[in-house]
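Written below as structure tokens is the structure these notes are about.
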Amino acid sequence: MVHIYSPCLSINKMGHLDISGCDCTQLARQYGTPLYVMSEDEIRRVCRSYAESFQKYYHGNGKPIYASKAFCCKEMCRIVFSEGLDIEVVSGGELYTALQAGIPAKNIHFQGNNKSYAELEYAVKSGVGNIVVDNMQELETLEKVAKAYGKTVSVSLRIKPGIDAHTHEFIRTGQIDSKFGIDLASGEAMAAAKRTLELSHVILDGLHCHIGSQIMEIEPFVHAAETMLNLLCDIEQLLDVELEHLNLGGGFGIHYKETDGFIPYDQYMAAVSVRIHEICTERGIRLPKIYIEPGRSIVGEAGVTLYTVGTLKEIPNVRNYVAIDGGMFDNPRYALYQSDYTCLLANKASCKANYLATIAGKCCESGDLIQENALIQSPEPGDILAVLSTGAYNYSMSSNYNRNVRPACVMVSEGKSRVVIKGETYEDLVRNDI
Ligand SMILES: *Cc1c(COP(=O)(O)O)cnc(C)c1O
């Protein structure tokens, strides 16, 4: 049997895969495939465990911020905000989505390594709570924009702390050779802080780092917290300021495979908090507010994608292709970085999984695969294939390649389902064609 690890998944009496009380085969019948399915119950459970960890280990002095790039739509913004999280956006489009969802601008944090002038204007005009400045050039531009609108803007500085977080190099962002942030070791960070304090329309409120993604160990986070807090102390003492917060970014790992390790999320805060208390005592500064920015871990395991099996192609001594009605247009992650996934047939979930399959999409690219060497139940055309842990970076990375339409997204909770993103139509595909 395929190992099912997410708390929102189970196998029901019919032997079918169930997500938060909904039978996946029924969801596939009702809404069609491909279909993104997200468990609202699981999303809320993870949000609460993060929020509670701040109460338990850090006197509630700070909060989690949802990195909305993992899965961004209006309903998702509403759900996480209702759990007390702020929202992080990295583009004008994500900012627009959050504002349309009714999120107060002051609860929105704006990130990005190359924000355009128009995006900065939009953020300043809307009154976003904090802008994370990536580089000196942006700092000067932001000062001009804020001045033009007669506003002062709260900023934090994105710092490269130089931490190796042992993850795939495409999704590692804390080391020196990175397009993100201001270098710490060379003294650039201190210079940036100094410059920020000279400007009149930006207020230096904090420091920020984000050391990578899908990280399964606590040490890199503790090490990053230590490095960043020491920088914060240096800045406060040398430049005679008080910084409100330290944002330690996201990157907490999730299960994609049974063999993936797992650390309960509140342990991150527990470990980081101990070190922060120690350093603050040693260096004689008050505790800064702490922010963290989980994306993947909030929504990743809450999502499942359902497909219908089509063509089967067994190539003797080579491999068995199992083709599905989706592919890299709804999930490009295997094509991009050979991401692991657990796959199973939702309608045969309780059967033995001893068929070695290459799950292929329907796009005109040989690399359009969802998984290789996946052990699934014996497949037949018409079976419903479920790919687990697709809540993060699937819908948000989808495209219309080959003019495929983006699938609908359905949110499930306690046995009930509802559409939160409609599936695209062919009409949508030509909407902007002249
Ligand atoms: C992507 C990103 C996150 C979220 O990362 P996850 O791995 O999804 O938790 C947080 N902060 C920043 C700055 C990011 O770029």
Side-chain angles (χ1 to χ4, degrees), residues 38 43 46-47 49-50 53 62-72 76-77 80 85-91 93-95 98 108-115 119 123 128-135 138 155-161 163 165-175 178-182 206-218 220-221 224-225 228 245-256 260 262-263 265 268-269 272 290-303 333 336-337 339-340 389-397:
M38 306 270 179
I43 293 166
V46 180
C47 286
S49 79
Y50 275 125
S53 73
K63 59 161 72 173
I65 302 171
Y66 172 57
S68 71
K69 71 176 194 271
F71 173 60
C72 185
M76 183 63 185
C77 290
V80 296
L85 278 68
D86 278 2
I87 309 281
E88 188 227 318
V89 300
V90 294
S91 70
E94 286 182 358
L95 174 56
I108 301 176
H109 305 242
F110 193 24
Q111 278 277 353
N113 71 305
N114 187 27
K115 305 176 192 77
E119 284 174 325
V128 303
N130 181 261
I131 297 183
V132 180
V133 171
D134 177 87
N135 56 74
E138 183 186 316
V155 303
S156 18
L157 299 175
R158 166 96 185 234
I159 308 294
K160 279 187 265 200
I163 312 282
H166 311 293
T167 180
H168 194 290
E169 84 181 286
F170 287 4
I171 40 181
R172 183 163 60 192
T173 48
Q175 78 281 38
S178 166
K179 70 170 185 170
F180 298 103
I182 299 166
L207 300 178
H208 174 282
C209 73
H210 172 66
I211 57 170
S213 207
Q214 187 56 14
I215 300 167
M216 287 296 188
E217 294 136 340
I218 291 184
F221 289 104
M228 291 296 293
H245 67 258
L246 182 56
N247 184 332
L248 296 171
F252 313 106
I254 66 166
H255 280 109
Y256 284 101
D260 284 339
F262 180 73
I263 304 162
Y265 299 127
Y268 289 107
M269 263 321 282
V272 163
I290 297 292
Y291 295 139
I292 55 170
E293 294 174 326
R296 184 192 311 274
S297 52
I298 297 274
V299 68
E301 287 187 35
R333 293 188 66 255
L336 270 176
Y337 26 68
S339 312
D340 275 338
S389 294
T390 56
Y393 304 112
N394 273 236
Y395 173 77
S396 63
M397 292 178 108

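Each ligand, and each atom within it, is numbered from 1 in the order the structure gives. Computed from heavy atoms alone, side chains included, the values below leave out hydrogens, waters and symmetry copies. For the single chain, residues carry numbers from 1 onward in sequence order.
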### Task
With side-chain contact (heavy atoms from CB on, under 4.5 Å) as the test, would you mind laying out the steps for Ile298 and Phe71 before giving the verdict?
CA-CA 9 Å; Ile298 297 274; Phe71 173 60; over 6 Å; no

### Audit row: Ser339, Tyr393, side-chain contact (heavy atoms from CB on, under 4.5 Å) steps and yes/no
CA-CA 11 Å; Ser339 312; Tyr393 304 112; over 6 Å; no

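Taking His245 as the reference, Tyr291 meet the ring-ring contact (aromatic ring centres under 6.0 Å, His included) condition, with sequence neighbours excluded.
Under the 3.5 Å distance criterion, the side-chain polar atoms of Ser156 are left unmatched by any main-chain donor or acceptor of His208.
Listed by chain and number, residues touching ligand 1 at under 4.0 Å (heavy atoms only) are Ala67, Lys69, Glu88, Gln111, Arg158, His208, His210, Ser213, Gly250, Gly251, Glu293, Pro294, Gly295, Arg296, Tyr393.
Each of Leu85, Ile292, Asp86 was compared with Ile65 under the side chain to side chain contact (heavy atoms under 4.5 Å, CB included) criterion, and only Asp86 meets it.
A tilted orientation is assigned to the rings of Phe252 and Tyr268, their planes being inclined by 30° to 60°.
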